[in-house]
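Throughout, protein chains are lettered first and strands after them, A, B, ... in sequence-line order, and every chain is numbered starting at 1. These numbers come from the heavy atoms of this one structure, side chains and all, not from hydrogens, waters or symmetry mates.
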Amino acid sequence: MKFSKAYEPNQYEPDIYALWEKSGAFAPTNKKNAKNYTIVMPPPNANGNLHIGHGLTIALEDILTRYHRLKGDNTWYIPGADHAGFETWVVYERRLEAAGKTRFDYNRDELYDQVWNFVHEQRGNMELQLRALGASCDWDHLTFTLDQKVVDTVYDTFEKFWKEGLIYRGKKLVNFCTKHQTAFADIEVTHKDEQGKLWQIAYPLANPKAELEEIIVSTTRPETLLGDTAVAVSPKDKRYAEVIGEKVKLPLTNREIEIIADEHADPEFGTGVVKITPAHDPNDYEVGQRHNLDMITVIGFDGKMTKEAGANYEGLTTADARQKVLGDLEDQGLLRGEERIVHSVGHCYKCDTVIEPLLKEQWFVDVKPLAKKAIETLEANKIKFHPANKKRVLINYLKNLKDWNISRQIPWGIPIPAFQNVDDPTDWIFDKRVDQQEIKKNGKTYRRDEDTFDTWFSSGQWPVILTNEKKQHYPTSVMETGADLLFQWVGRMIMLGLYNTGDVPFEEVYMHGMVLDEKGQKMSKSKGNVINPIEMVSKYGSDALRLGLIASRSAGVNQAFSSSKVIASRNLCNKLWNVSRLIQDMVDNAEEQSNEIKIDNYGEDWICREITKTNKEIQKLLEKYRFAEAGDAIYDLIWNKYADWFLEGEKLWKDTALLKKTLEQILIMLHPFAPFVTETIWQTLSWTEGMVMTQTWPESLPFDAKRAAKFEELISIVTNIRSHFQSLPGAGSYPVAFYDDKLIYDNQLLIQHYTKAPAVPEIKPEDAKGLHLAIAGHPNIYLEIPEDIHAKYKANLEDRIMKLGQEINTLEARLRNPNYVEKAPKELVEETKSQLETKSKLLADMKAEFELV
RNA sequence: GGAUCCAUAGCUCAGUUGGCUAGAGCGCACGAUUCACAUUCGUGAGGUCACAGGUUCAAGCCCUGUUGGAUCCACCA
């Protein structure tokens with residue numbers, strides 16, 4: 001291959017990925033004295049497309065993976081594909097609807113097969129996209145969340161729970177979406193503040209007293225009145241103390257219900273009386289439990305009033321029933337007022353339907369013991385979090401966690417392996433024969449539970465499942481995922497991982513924030529501000545997207561996407577491409593080919609020092625998950641140091657052995673961040689062998705620190721001269737004359753090359769003329785400029801003298817402070833002193849010059 | 001009600017045991033240019049680090065409070 005003039009990512013990326021994949025190097029090695037490094041990928045939706053957040057996830061995980069592979073670890077990055085239970089079901093149900101069908105036209109097994117086929121028709125796109133992003137994951141172990149090994153583990157866990165009594169079947173209030181016909185966990189419900197009304201309704205006492213004939217309750221949901229089984233007052237509320245235990249006539253029905261005393265009633269709120277509807281309100285449910293109240297279900301799973309609501313209301317929607325109830329109350333003179341209030345209402349996170357708390361028999365996990373263990377583990381710092389504060393947030397959540405409803409009434413998921421005795425509804429058994437609707441056991445007939453597991457129940461066991469085959473990779477090294485999944489996923493993986501294995505599922509957690517659009521807004525389809533990562537890849541290249549995404553981003557913080565960072569990264573790739581092109585050119589044209597490195601000028605010492613310094617810095621930063629800073633460090637090395645200074649100088653020296661070596665090191669160090677361009681270059685260079693992906697992380701390069709420091713002096717001299725050339729009228733360049741300066745003498749050619757000065761002559765002190773440069777340590781440099789330009793320079797010099805004077809004042813003030821001299825570290829004080837000395841000398845030179853000019 | 005995060009250059013953001021003159025990319029201004037790269041090179045302007053106190057020899061960083069923005073959890077008859 002030859003280097004074209006510019007790097008065109010699209011031209012190379014697919015072939016490069018194919019090269020890697022074919023090589024087998026994505027599979028974990030099994031070296032004896034190497035550490036294991038494992039990341040399980042949060043599985044993207046199997047039949048969806050990746051979004052920009054996946055771009056970030058893959059970038060971060062793949063940087064870590066490739067870095068550790070280069071470091072020689074037994075590195076294993078395991079990909080996954082999610083059946084995404086509810087998400088996918090919603091999509092499929094929409095298709096059914098479009099075809100004029102509903103889920104009720106089929107039985108569960110038929111629906112499961114249909115969705116299975118649907119998903120597998122759509123599948124594969126996501127996996128291609130992961131490849132386009134450069135994920136160096138082990139495709140041989142790609143796991144779909146409905147694969148048999150997943151189901152096996154989930155069933156084993158369920159059975160173990162069952163035997164230990166951690167699973168129970170309970171009829172409790174669940175969050176039910178009447179559109180999607182399924183229950184949700186608490187965490188899946190989105191609460192929104194809404195404008196609503198609070199109505200006052202009179203409940204007449206069964207035995208009216210002279211001073212109290214009726215009590216007035218306040219409610220936002222009058223239609224649930226039909227299911228009231230008590231009214232509650234605070235036990236401390238003196239107004240009602242006498243009527244506790246008495247009955248009231250429930251309006252619109254002919255029932256009488258009791259007045260009970262319960263803490264739930266707040267004397268300060270409204271009239272201090274609460275109607276109690278245990279079947280339709282979570283708080284009332286608890287009151288009902290405490291007082292052993294009846295539970296009357298007046299709203300059905302279809303969102304309509306039931307038979308129990310009475311003939312007048314049966315079949316009405318809750319909204320219609322509300323109007324009718326209000327009208328009827330009004331007719332009877334029992335409606336006593338209304339006021340507007342803002343209250344929070346739960347909605348289905350997919351379809352926005354109001355979530356109805358309904359009584360339903362479901363499987364619940366008793367989370368107390370699991371959460372307790374998780375909290376202990378977290379408090380013992382067994383898992384390190386980035387950002388660190390997420391640990392406390394998670395502990396706080398776990399402390400208040402309620403039992404977890406794991407039943408979902410959707411066909412797309414892992415069937416719950418539980419069967420119910422057809423003759424005895426209380427008799428449930430555990431059995432794995434879920435492919436049958438009815439089974440026989442001990443002469444009894446059992447019918448399968450139609451429900452499936454909450455997907456978080458299975459994905460909560462993800463690290464355990466994926467490492468099952470190579471147990472030495474558990475616990476995994478780091479769990480990298482979005483900050484929004486702290487509770488529903490990370491927390492559950494910790495609980496279930498500990499339960500399954502006794503050990504944590506991962507040693508560290510890194511949580512990234514959301515990728516917002518360029519204006520800092522959340523991306524959403526409805527807003528139309530979604531950025532497609534694959535479009536970015538085809539426009540700028542995969543490496544540019546990766547580098548651009550990690551730039552300026554820190555753990556846990558939501559940050560805007562920045563196309564300018566992507567473009568800057570694209571430019572970096574091109575820069576490196578051209579650097580390589582130049583070096584290849586020098587190698588091709590070199591008179592002798594030698595692999596022996598001879599460091600014989602300051603710039604070479606300097607670049608060896610800088611590469612080594614950056615090498616250590618990148619390692620340190622990646623260990624701390626500081627991706628953005630690591631990216632900056634390598635960017636700075638390649639562009640500002642390697643290309644702008646070292647390579648520019650090497651145009652004169654052409655030490656090909658050193659050029660090769662340094663370029664190789666840079667390619668390896670950049671590889672985790674920009675895998676495609678580094679590999680493309682590696683494959684294109686004439687002398688490199690194998691793949692950059694499977695090289696070894698570079699060792700330190702040899703250098704002489706004093707000589708490297710000399711080069712830095714040269715840099716500041718050159719910069720100073722360039723600055724003068726720019727600011728002097730005419731913006732020309734002039735001879736740089738000097739005397740008695742070894743550094744300049746030794747580097748005349750280089751200085752001429754960097755500054756583009758016409759000459760760098762050595763002169764006799766008495767011949768010095770022109771503009772005297774004030775550079776610390778180099779007092780004898782003159783720009784030979786015409787007389788008339790001097791005056792302009794004088795003003796500039798005056799400014800610099802003033803500035804320097806201020807700096808000297810600061811230093812002097814610091815040293816005058818006895819506390820500073822005594823308490824600050826000695827090195828620091830010494831440094832201040834030496835700085836003061838240098839600067840004072842410089843100031844004296846400048847002042848002398850000012851007089852001369 | 002409880003909690004968390006954020007506020008630094010025109011924009012997006014770094015700045016992690018407190019240390020000297022607060023950085024980057026983009027943008028802006030000025031200049032260059034056949035010879036690796038216009039996806040280029042060079043030079044430069046631009047910041048009372050939200051505000052008010054405090055701790056310290058020393059504060060963008062630590063503490064207290066205030067203001068503004070974002071998010072999460074719980075509750076809301």
> If the cut-off is 4.0 Å, is Lys624(A) near the phosphate of U17(B), judged by side-chain N/O to OP1 or OP2?
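Negative; the distance criterion is not met.
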> Just name whichever nucleotide pairs with G1(B), Watson-Crick or G-U, keeping both distances under 3.5 Å, else none.
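Partner of G1(B): C73(B).
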> Provide the Watson-Crick or G-U wobble partner of U34(B), both distances under 3.5 Å; none if there is no partner.
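Partner of U34(B): none found under 3.5 Å.
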> Whole angstroms only, please: what is the CG-C1' distance between Leu516(A) and A70(B)?
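It works out to 10 Å between those atoms.
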> Over all strands shown, is Leu198(A) touching base, sugar-phosphate only, or nothing at heavy-atom distances under 4.0 angstrom?
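Sugar-phosphate contact only.
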> Under a 4.0 Å threshold between the charged nitrogen and the carboxylate oxygen, would Lys826(A) count as salt-bridged to Glu831(A)?
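Answer for the salt bridge query: no.
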> Going by distance alone, is a donor N or O of one side chain under 3.5 Å from an acceptor N or O of the other, for Lys197(A) and Thr220(A)?
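No, because no side-chain N or O of Lys197(A) sits under 3.5 Å from a partner of the opposite role on Thr220(A).
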> Hey, is the side chain of Ser562(A) poking within less than 4.0 Å of OP1 or OP2 on C13(B), counting only N and O atoms?
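No, no such contact exists.
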> Whole Å only: how far is the NZ atom of Lys823(A) from the C1' atom of G18(B)?
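For the pair Lys823(A) NZ and G18(B) C1', the rounded distance is 15 Å.
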> Of the options G19(B), U12(B), G44(B), whose atoms approach the side-chain atoms of Ala824(A) most closely?
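Between G19(B), U12(B), G44(B), the one nearest the side chain of Ala824(A) would be G19(B).
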> Looking at A24(B), which nucleotide sits across from it as a Watson-Crick or G-U wobble partner, both distances under 3.5 angstrom, or is there none?
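Result: U12(B).
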> Where the side chain of Arg570(A) is concerned, which of G19(B), C37(B), U39(B) is the nearest nucleotide?
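In terms of side-chain proximity for Arg570(A), the closest of G19(B), C37(B), U39(B) is U39(B).
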> Strictly below 4.0 Å, N to O, side chains only: are Lys641(A) and Asp636(A) in salt-bridge contact?
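Yes, this pair counts.
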> Starting at atom CG of Asp585(A), determine the distance to atom P of C35(B), rounded to an integer number of angstrom.
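It works out to 13 Å between those atoms.
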> Just N and O in the side chain of Gln835(A): are any of them under 4.0 Å from OP1 or OP2 of U21(B)?
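No, Gln835(A) has no side-chain N/O under 4.0 Å of OP1/OP2 on U21(B).
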> Write down the distance between CZ (Phe3(A)) and P (U39(B)), rounded to a whole number of angstrom.
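In whole Å, U39(B) P and Phe3(A) CZ are 20 Å from each other.
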> To the nearest Å, how far apart are Tyr820(A) OH and C20(B) C1'?
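Whole-Å distance recorded here is 7 Å.
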> So which nucleotide does A45(B) pair with, by the Watson-Crick or G-U wobble rule with both distances under 3.5 Å?
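Paired with A45(B), as far as the under-3.5 Å criterion goes, is no nucleotide at all.
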> Without decimals, in angstroms, what is the distance between His724(A) NE2 and G31(B) C1'?
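Rounded to the whole Å, the gap is 16 Å.
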> Taking only side-chain N and O atoms of Arg722(A), does any of them lie within less than 4.0 angstrom of OP1 or OP2 on U43(B)?
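For U43(B), OP1/OP2 do have a side-chain N/O of Arg722(A) under 4.0 Å.
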> How long is the line joining CG of Leu545(A) and P of U39(B), in whole Å?
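Those two atoms, CG and P, are 20 Å apart.
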> I want to check one thing: is the phosphate of A36(B), taken as OP1 and OP2, less than 4.0 Å away from some side-chain N or O of Lys5(A)?
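No.
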> Counting only side-chain nitrogens and oxygens, does Ser554(A) get under 4.0 Å of the OP1 or OP2 atom of A14(B)?
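Looking at the OP1 and OP2 atoms of A14(B), one of them is under 4.0 Å from a side-chain N or O of Ser554(A).
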> Any side-chain N or O of Arg553(A) less than 4.0 Å from the OP1 or OP2 oxygen of C13(B)?
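So the side chain of Arg553(A) is outside the cut-off, no N or O lying under 4.0 Å from OP1 or OP2 of C13(B).
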> Identify the nucleotide, in any strand shown, that forms a Watson-Crick or G-U wobble pair with G65(B), with both distances under 3.5 Å; if there is none, say none.
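In the structure as shown, G65(B) has C51(B) as its Watson-Crick or wobble partner.
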> Consider the side chain of Val393(A), meaning its heavy atoms from C-beta on, and name the nucleotide among C20(B), U4(B), C37(B) that approaches it most closely.
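Minimum distance to the Val393(A) side chain belongs to U4(B).
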> Exactly one of His280(A), Lys275(A), Arg322(A) should register a side chain to side chain donor-acceptor pair (under 3.5 Å) with Thr224(A). Which one does?
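It is Lys275(A); the other options fail the test.
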> Check whether any side-chain N or O of Asn558(A) sits under 4.0 Å from OP1 or OP2 of C5(B), and answer yes or no.
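Answer is no, no contact under 4.0 Å.
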> Quick one: the side chain of Gln726(A) and the base of G44(B), do they pair up donor-acceptor inside 3.5 Å?
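Not at all, since no donor on one side and acceptor on the other fall under 3.5 Å apart.
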> OP1, OP2 of C73(B) versus side-chain N and O of Arg392(A): anything below 4.0 Å?
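Answer is no, no contact under 4.0 Å.
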> Partner lookup for U39(B), please. Criteria are Watson-Crick or G-U wobble with both distances under 3.5 angstrom; report none if nothing qualifies.
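Answer to the pairing question: none, since U39(B) forms no Watson-Crick or G-U pair.
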> For Lys565(A), which contact category applies under a 4.0 Å heavy-atom criterion: base, sugar-phosphate, or nothing?
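Contact class for Lys565(A): base.
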> Are the charged groups of Glu629(A) and Lys620(A) less than 4.0 angstrom apart, N to O?
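No, Glu629(A) and Lys620(A) are not salt-bridged.
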> Would you say the ring centroid of Trp577(A) lies under 6.0 angstrom from that of Tyr12(A)?
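Yes, close enough.
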> Measuring to OP1 and OP2 of U40(B), would you say a side-chain N or O of Trp639(A) lies under 4.0 angstrom away?
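Checking Trp639(A) against U40(B): no side-chain N or O falls below 4.0 Å of OP1 or OP2.
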